[in-house]
Amino acid sequence: MRLAALFSGGKDSTYAIHLMERRGHDVEYLLTIFPESDESLYFHYPNIELTRLQAEAMRKHQLVERCGIGKIQEISALTRLIEKVSGVVDGVIAGAIASKFQLKAFKEVCERYGLNLFAPLWGMNPLTILQEIINDGFEVIITGVAAAGLGKEFLGGRLTLSLVEELRKISDRFRINLAGEGGEFETFVLDAPIFKYRVEVLGMEIDWRGDRGFLKIKKARLVKKKNY
């Protein structure tokens, strides 16, 4: 099938694309919402502008819509994107894992245009997802934290099996979502098997706001990978 993917630049949406392509589907378009702030109900905010680099690294067409904050504005932006690929693709991919609120909204928009919604991570164990992302060769950094137990020191940390174990202990103690789907932490993918180039970070700064914060990537570029 020809598919489009809701793409945020984070681990879940990127891994969902990876899984669907591994199943033999052709993911032609990346659909990205640029929210005006981190208060977005549905969409990823940190470093969203750099998804353009990731799209280039995957050699995929990216369609972008900007939106204000709030359910009406965000769903309207999503609807405009889905309308653009309606009649061009057979379905849309989402990286949702357990958020019924998010999945329901996405599914309703897709059904309006006769498109199937695919959520290959849905219902998977969060620990399993993190482990598989690492074992499949993804290079991921943490770019936002907003939960008990997650301090400034996690920003910029690379997703490794040892870091996952640390996150697991924090999740057990504070009852946060281990995959960060509730906004507990945000990520940015620097490299993946579906990337033809990898993203190299050349400059960054931390924006810390008392009990939460972001890693802002100020400068980045694409570099060749040995296999390409």
Side-chain angles (χ1 to χ4, degrees), residues 3-22 26-38 40 43-67 77 81 84-85 93 95 129-130 132-146 150 152-164 180 183 185-209 212-228:
L3 302 174
L6 299 175
F7 182 66
S8 69
K11 59 178 176 52
D12 299 334
S13 63
T14 311
Y15 194 56
I17 295 169
H18 171 70
L19 290 180
M20 294 302 287
E21 290 198 335
R22 199 162 67 183
D26 185 10
V27 182
E28 297 184 13
Y29 297 93
L30 304 178
L31 310 179
T32 305
I33 303 289
F34 286 18
E36 66 182 16
S37 83
D38 62 300
S40 174
F43 305 112
H44 185 96
Y45 174 73
N47 304 296
I48 194 68
E49 300 277 352
L50 291 177
T51 55
R52 298 186 189 278
L53 274 182
Q54 295 166 311
E56 186 179 345
M58 286 185 272
R59 296 177 183 168
K60 296 188 185 300
H61 302 292
Q62 185 183 34
L63 303 176
V64 171
E65 284 285 342
R66 296 182 180 274
C67 73
L81 278 181
K84 289 178 182 179
V85 296
I93 305 166
I129 292 173
L130 295 182
E132 289 187 359
I133 284 173
I134 295 165
N135 292 334
D136 281 356
F138 279 64
E139 185 178 352
V140 180
I141 59 172
I142 293 178
T143 55
V145 292
L150 298 177
K152 188 176 181 180
E153 69 277 8
F154 282 90
L155 293 174
R158 295 188 180 246
L159 196 65
T160 61
L161 292 176
S162 60
L163 180 57
V164 168
F185 64 92
E186 307 281 1
T187 59
F188 185 85
V189 177
L190 299 176
D191 195 12
I194 54 177
F195 283 24
K196 308 301 187 291
Y197 300 86
R198 67 180 299 275
V199 180
E200 181 180 54
V201 177
L202 300 174
M204 64 182 76
E205 69 178 27
I206 291 177
D207 176 13
W208 190 250
R209 305 176 183 181
R212 64 191 182 100
F214 300 102
L215 177 77
K216 294 183 176 181
I217 299 174
K218 306 296 289 184
K219 187 177 181 181
R221 66 178 181 181
L222 295 180
V223 296
K224 290 183 178 180
K225 296 170 65 170
K226 292 181 180 179
N227 296 335
Y228 295 95

From CA spacing to verdict: side chain to side chain contact (heavy atoms under 4.5 Å, CB included), F7, V27:
CA-CA 11 Å; F7 182 66; V27 182; over 6 Å; no
How far does OG1 of T51 sit from NZ of K60, to the nearest 0.5 angstrom?
14.5 Å
Rounded to the nearest 0.5 Å, how far does OG1 of T14 lie from CG of L190?
10.5 Å
Gap separating the NZ atom of K11 from the CD atom of E186, nearest 0.5 angstrom:
9.0 Å
With rounding to the nearest 0.5 Å, note down the distance linking CG in L130 to OG1 in T187.
9.0 Å
Considering all heavy atoms, the nearest I93-A16 contact:
CG2-CB, 3.7 Å
Can you find a pair of side-chain heavy atoms, one from K196 and one from K225, that are under 4.5 Å apart?
no
Any donor-acceptor pair under 3.5 Å linking the side chain of H44 with the backbone of P46?
yes
Heavy-atom side-chain proximity of S8 to Y45 below 4.5 angstrom
no
Take L81 and L6 through the side chain to side chain contact (heavy atoms under 4.5 Å, CB included) test and state the conclusion after the steps.
CA-CA 9 Å; L81 278 181; L6 299 175; 5.6 Å; no
Is a salt bridge present between K84 and E65, judged by a nitrogen-to-oxygen distance below 4.0 Å?
yes
Please confirm whether the backbone N or O of G95 pairs with a side-chain atom of S13, one donor and one acceptor, at under 3.5 Å?
no
Test of ring centre spacing under 6.0 Å for F154 and F185
no
So do E21 and H18 actually touch side chain to side chain, heavy atoms under 4.5 Å?
no
Mind checking whether V164 and L159 have side chains closer than 4.5 Å, heavy atoms only?
yes
Pair D136 + R22: basic N to acidic O under 4.0 Å
yes
Less than 4.5 Å apart, any side-chain heavy atom of F138 and any of D191?
no
Side chains of V85 and L31: does their closest heavy-atom pair fall under 4.5 Å?
yes
Heavy-atom check, side chain of F195 versus side chain of V189, under 4.5 Å:
yes
Pairwise distance CG(L3) to CD1(I17) - rounded to 0.5 angstrom
10.0 Å
Give the minimum heavy-atom separation between L161 and I134, together with the two atoms involved.
N-CD1, 3.7 Å
What do the steps show when you test E132 against Y15 for side-chain hydrogen bond (donor to acceptor under 3.5 Å, both in side chains), and what is the final call?
CA-CA 9 Å; E132 289 187 359; Y15 194 56; 3.2 Å; yes
Any side-chain heavy-atom pair from V64 and F34 closer than 4.5 angstrom?
yes
Under 3.5 Å, side-chain donor or acceptor atoms of residues 212-222 against the rest of the protein: list the pairs with distances, not counting sequence neighbours.
{"unit_1": "R212", "atom_1": "NH1", "unit_2": "D38", "atom_2": "OD2", "d": "2.7"}
{"unit_1": "R221", "atom_1": "NE", "unit_2": "E200", "atom_2": "OE1", "d": "2.6"}
{"unit_1": "R221", "atom_1": "NH2", "unit_2": "E200", "atom_2": "OE1", "d": "2.8"}

Working to the nearest 0.5 Å, report the span between OH of Y197 and NZ of K224.
6.5 Å
